[in-house]
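Here is the structure we will look at.
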Amino acid sequence: MDLGHLAQLCYNMTESYLQITNGTDVINGTQEAIRITKDQLLLDIFKKWNPFNDALSFSFNGGKDCQVLLLLYLSCLWEFFMLGVSSSQFDRKYHKFPLTKLPSVLISQEEVFSTVDSYIAESIDRYNLDLYESTPQNGNHIDMAQAFENYLNLYPSTKAIVIGVRYTDPFGEHFKPLQPTDSNWPYFLRVQPILHWKLENIWSYLLFSGEPICGMYAKGFTSIGDIDNTLPNPYLIINSTNVKPQFLFSKEVERSFYQDKNATNEINITPLQPIDIKLIDSFEDDYYPGWFLVDDAKERAGRIKKQ
Ligand code: FAD
Ligand code: MG
Ligand code: MG
């Protein structure tokens, strides 16, 4: 599917989430979270930098947070494109979606899970990412700041990079939706439009979307770092003393965008391969899947602190 159709699909998916009525508290909260993110992108960021020029880039590491942001970002790209179409004197048929690939960047990390690696490879294809991947120098991984400096040297038109950080991330409470990098980093603007999202919002929107999610989450991981510092979340271990946590997202799965035939038929786009819904509420391993954990304070409980 080309980027224009994908952006349209993400727009339709997001609109159909926003139209859910009689939802749960989580759904109502997520609808509000989506509106705030959309306003930031459409009314602020895309006014500063036209997303169809090469001033904006997207930081992608295959995690759930940047996946949520990617789907919303694409949805906003479609909305931005259609706003341009409606204010033009020329008919819709004379307008072509201006991007074929999304400029994006991944900084390579020490030791990455192969599941994450293959998920990133699938995402490059599925989401039409033009993904720059940093390479180690002299066999050593370089730190993120240096890697971004190299990226900016290669793509000097980049003014701002979109990031899926949230207020509940370490040191995240002081972040702003738009802020420059720190003084010891190469200079560019950080665009952070999902700061206000909570874990429950992330899972609600993702499970509704029906998009394939990185396989680590089905195995009880809730936050993914390097191999040597990441374990499944101990709060999700299945044993006789742990009561099965509540699954909060049944409505999202029941009303999933991919099950909504009207939503997809209407635009005449065949949906991408949906996730196996049966997987959502089942588990065969020693851990409940990541979406059973919604307490933001416990999201990183599977991370081993580096000495
Ligand atoms: P995660 O949830 O893993 O990551 C949050 C988001 O960061 C992801 O959704 C993704 O958008 C992005 N991201 C994370 N890891 C990667 C990666 N390997 N490659 C590409 N994108 C990734 N720290 C500072 O101290 N000062 C800075 O000025 C600063 N600027 C940054 C600018 C950018 C574009 C990025 C991506 C990071 C920057 N950081 C900076 C580091 C940032 O604050 C986080 O520490 C870092 O993103 C790791 O996130 P996490 O593992 O805590 O959370
Ligand atoms: Mg995260
Ligand atoms: Mg990380």
Side-chain angles (χ1 to χ4, degrees), residues 37 45 55-73 102-113 116-117 119-120 123-124 127 129-136 141-152 155 158-203 205-206 213-214 216-217 221-231 233 290-291 293-294 296-306:
T37 301
I45 301 304
L56 284 170
S57 181
F58 194 98
S59 69
F60 185 80
N61 68 349
K64 61 190 186 316
D65 305 301
C66 55
Q67 187 183 7
V68 160
L69 182 51
L70 179 60
L71 299 173
L72 275 170
Y73 188 83
L102 191 74
S104 46
V105 43
L106 167 68
I107 307 306
S108 72
Q109 315 242 262
E110 302 280 319
E111 292 269 359
V112 183
F113 290 93
V116 176
D117 252 351
Y119 180 76
I120 289 171
S123 302
I124 292 174
Y127 298 128
L129 302 180
D130 181 9
L131 189 67
Y132 163 90
E133 297 184 54
S134 70
T135 43
H141 282 270
I142 40 176
D143 68 55
M144 262 187 138
Q146 179 62 51
F148 275 109
E149 184 153 354
N150 298 349
Y151 178 75
L152 293 177
Y155 298 93
T158 309
K159 297 283 180 286
I161 302 183
V162 183
I163 316 173
V165 280
R166 296 187 284 119
Y167 285 130
T168 52
D169 284 334
F171 316 108
E173 67 266 35
H174 303 303
F175 284 163
K176 299 192 182 69
L178 180 63
Q179 72 184 104
T181 46
D182 291 331
S183 55
N184 52 342
W185 272 61
Y187 182 83
F188 59 87
L189 271 302
R190 288 183 270 178
V191 176
Q192 305 176 139
I194 59 161
L195 287 175
H196 55 288
W197 284 59
K198 303 231 167 0
L199 257 188
E200 61 184 29
N201 308 128
I202 295 285
W203 290 128
Y205 178 69
L206 265 190
I213 301 167
C214 175
M216 302 292 291
Y217 298 117
F221 290 81
T222 53
S223 166
I224 306 167
D226 296 334
I227 288 185
D228 62 354
N229 71 357
T230 313
L231 296 171
N233 195 306
W291 41 84
L293 187 111
V294 291
D296 289 276
K298 295 177 177 156
E299 180 178 351
R300 284 171 193 255
R303 294 289 197 97
I304 305 161
K305 297 230 161 43
K306 284 193 172 155

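This chain uses plain numbering: 1 for the first residue, then up along the sequence. Order of listing sets the numbers, starting from 1, for every ligand and every atom in it.
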- request: Using the test side chain to side chain contact (heavy atoms under 4.5 Å, CB included), find all partners of Ala55 that sit at least two apart in sequence or belong to another chain.
  value: Trp49, Lys159
message: Under a 3.5 Å threshold, yes or no: a donor from one side chain and an acceptor from the other, between Tyr132 and Ser57?
response: no
message: Donor-acceptor check, side chain of Lys64 to backbone of Thr222, threshold 3.5 angstrom: yes or no?
response: yes
Please report, to 0.1 Å, the donor-acceptor pairs under 3.5 Å made by any side chain of residues 169-176, with sequence neighbours excluded.
| unit_1 | atom_1 | unit_2 | atom_2 | d |
| --- | --- | --- | --- | --- |
| Asp169 | OD1 | Arg300 | NH2 | 3.1 |
| Asp169 | OD2 | Arg166 | N | 2.9 |

Find all protein N or O atoms under 3.5 angstrom from an N or O atom of ligand 1 and list the pairs with distances, or write 'none'.
| unit_1 | atom_1 | unit_2 | atom_2 | d |
| --- | --- | --- | --- | --- |
| ligand 1 | 2 (O) | Asp65 | OD2 | 3.4 |
| ligand 1 | 3 (O) | Asn61 | ND2 | 3.4 |
| ligand 1 | 9 (O) | Cys66 | N | 3.4 |
| ligand 1 | 11 (O) | Ser59 | O | 2.9 |
| ligand 1 | 11 (O) | Ser59 | OG | 2.8 |
| ligand 1 | 11 (O) | Gly164 | N | 3.0 |
| ligand 1 | 15 (N) | Asn61 | ND2 | 3.2 |
| ligand 1 | 18 (N) | Ile107 | O | 2.9 |
| ligand 1 | 19 (N) | Ile107 | N | 2.9 |
| ligand 1 | 25 (O) | Asp182 | OD2 | 3.3 |
| ligand 1 | 26 (N) | Asp182 | OD2 | 2.7 |
| ligand 1 | 26 (N) | Trp185 | NE1 | 3.4 |
| ligand 1 | 28 (O) | Asp182 | N | 2.8 |
| ligand 1 | 28 (O) | Arg190 | NH2 | 3.3 |
| ligand 1 | 52 (O) | Arg300 | NH2 | 3.2 |
| ligand 1 | 53 (O) | Arg300 | NH2 | 3.1 |

- prompt: Quick one: do the Thr181 and Arg190 side chains pair a donor with an acceptor below 3.5 Å?
  reply: no
- prompt: What about the rings of Tyr217 and Trp203, do their centers lie closer together than 6.0 Å?
  reply: yes
- prompt: Can you tell me if Thr230 uses its side chain to pair, donor with acceptor, with the backbone of Ile227 under 3.5 Å?
  reply: no
message: Main chain of Lys198, side chain of Asn201: is a donor-acceptor contact present, judged purely on distance under 3.5 Å?
response: yes
- request: Indicate whether the side chain of Tyr151 and that of Gln146 have a donor and an acceptor atom separated by less than 3.5 Å.
  value: no
query: Is any protein N, O or S atom closer than 2.8 Å to the Mg ion (ligand 2), and if so, which?
result: Asp65 OD2
